[in-house]
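Reading through the structure tokens given below for one structure.
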There are 2 protein chains.
Amino acid sequence: MPEKKLTLQLDFHSGLPIYTQIVNQVQSQLANEILKPGDQLPTVRALAEELRINFNTVARAYRILDEARIISTQQGRGTFITEIPPPEVSERLRNESLSELTLRFINEALRLGFSEREISQMVRDKIQQESNRGETSRRESRQVKK
Amino acid sequence: MPEKKLTLQLDFHSGLPIYTQIVNQVQSQLANEILKPGDQLPTVRALAEELRINFNTVARAYRILDEARIISTQQGRGTFITEIPPPEVSERLRNESLSELTLRFINEALRLGFSEREISQMVRDKIQQESNRGETSRRESRQVKK
DNA sequence: ACTCAATGATACAATTATTACAATTTAGGA
DNA sequence: TCCTAAATTGTAATAATTGTATCATTGAGT
């Protein structure tokens, strides 16, 4: 089983360190279930080549995620999303305030050059779509089963 | 890929600040397609040595150009002429990007247990705050006059 | 003399580069 | 099957390069 693609969007202009961006986006994709427990991430060298950065920078991000028990780095094997995310991780994710989450989102969108009007409109659109989907069939599908 | 030569002609007696001259000439060379998107500029220290000036002065010029989105300065990596993708591709990528970003944000917020109404309201609030902040305290590059 | 923009000096943070190394997997051959 | 060598993976250490932040100095205009 090969590694996930792990499409990351780096913004070299954001002022946020690259390793921080990697950390944040892996966390985000885990929270959004784009990444799931057990998934294998790209090797430090592969991801580095993909992102055109030095593999030490990837290793740094992986090390931070590893210390946070979000991923498990195994020398000679690879890196994997932790099978059972420790309580404090999901707890932290849940306790992350909506305010902070929203600020991060808006700032990132602004950073990418979108206007406040565009952002507002897109949020309206997506919430509308989400709302419609919820009414029809997806109401209970958000909870993780098993 | 080494940096561009970037031959600049400074006039120390013109009364025009050095950093302004650098800003203007980079803009000019970009307009004349001597510089092209993606080109790497000399490092602040290399250009400073070449021009026999302090590297802070180059850094200041680069900062102004960076704020004007003309170049992208990246700590530890270098400075580059901003990439501007072809318009027809650009618009699609922009929309996909914002769409993806917004979807992630909304999904994460929903997952944390917030309602669509709360999310909408928070986005409105934060964009309003951001808008106010921009009007008051954002310093603009006064030296880039036309 | 005062003021303030321009410039200089210094310390700092992020990234890259290079190299070496240990653990693990993989591939082949005996 | 078992063993070994090579390849792959993450780890680590160090130095060098790059832009950033902050404060000090300078100098021309008033």
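As a basis for the values below, the full set of heavy atoms in this structure was taken, side chains included, without hydrogen atoms, waters or symmetry mates. Chain letters run A, B, ... following the sequence lines, proteins first, then strands; residues in each count from 1.
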Short side-chain N/O contact to D:dT20 OP1/OP2 from B:T73, under 4.0 Å: yes
Phosphate contact (D:dT8 OP1 or OP2) by A:T43 side-chain N/O below 4.0 Å: no
Rounded off to whole Å, could you give me the [atom1]-to-[atom2] distance for the [X] and [N] pair?
| X | N | atom1 | atom2 | value |
| --- | --- | --- | --- | --- |
| A:R77 | D:dT8 | CZ | C1' | 13 Å |
| A:N54 | C:dA14 | CG | P | 15 Å |
| A:D11 | C:dT15 | CG | C1' | 16 Å |
| A:E67 | D:dT11 | CD | C1' | 12 Å |
| B:L51 | C:dA6 | CG | P | 18 Å |
| B:F80 | C:dT15 | CZ | P | 13 Å |
| B:Q40 | D:dT17 | CD | P | 14 Å |
| B:I64 | C:dT7 | CD1 | P | 10 Å |

Taking the side chain of [X] as heavy atoms from C-beta outward, which of [options] is closest to it?
| X | options | answer |
| --- | --- | --- |
| B:Q75 | C:dT16, D:dG10, D:dT20 | D:dT20 |
| B:A59 | C:dA22, C:dT19, D:dT20 | D:dT20 |
| B:I18 | C:dT7, D:dG19, C:dT19 | C:dT7 |
| A:P17 | C:dG8, C:dA14, D:dG10 | C:dA14 |
| B:R60 | C:dA22, C:dT10, C:dA6 | C:dA6 |

Which atom of [X] lies closest to which atom of [Y], heavy atoms considered:
| X | Y | answer |
| --- | --- | --- |
| A:I127 | B:I106 | CG1-CD1, 3.5 Å |
| A:Y62 | A:P42 | OH-O, 2.8 Å |
| B:I22 | B:I53 | CD1-CD1, 4.1 Å |

All side chain to side chain contact (heavy atoms under 4.5 Å, CB included) counterparts of B:F55, not counting sequence neighbours: B:V44, B:R45, B:A48
Side-chain donor/acceptor of B:N56 to base of D:dA21, under 3.5 Å: yes
Under-3.5 Å donor-acceptor pair between B:R45 side chain and D:dG19 base: yes
Pair A:D125-A:Q121, side-chain donor/acceptor within less than 3.5 Å: yes
Given DNA chain C, 5'-ward residue of the pair A:T57 and A:G76, judged by closest heavy atom: A:T57
5' precedence on DNA chain C between A:L16 and A:F55 (nearest-nucleotide basis): A:L16
Sugar-phosphate, base or nothing in reach of A:Y19, heavy atoms under 4.0 Å: sugar-phosphate
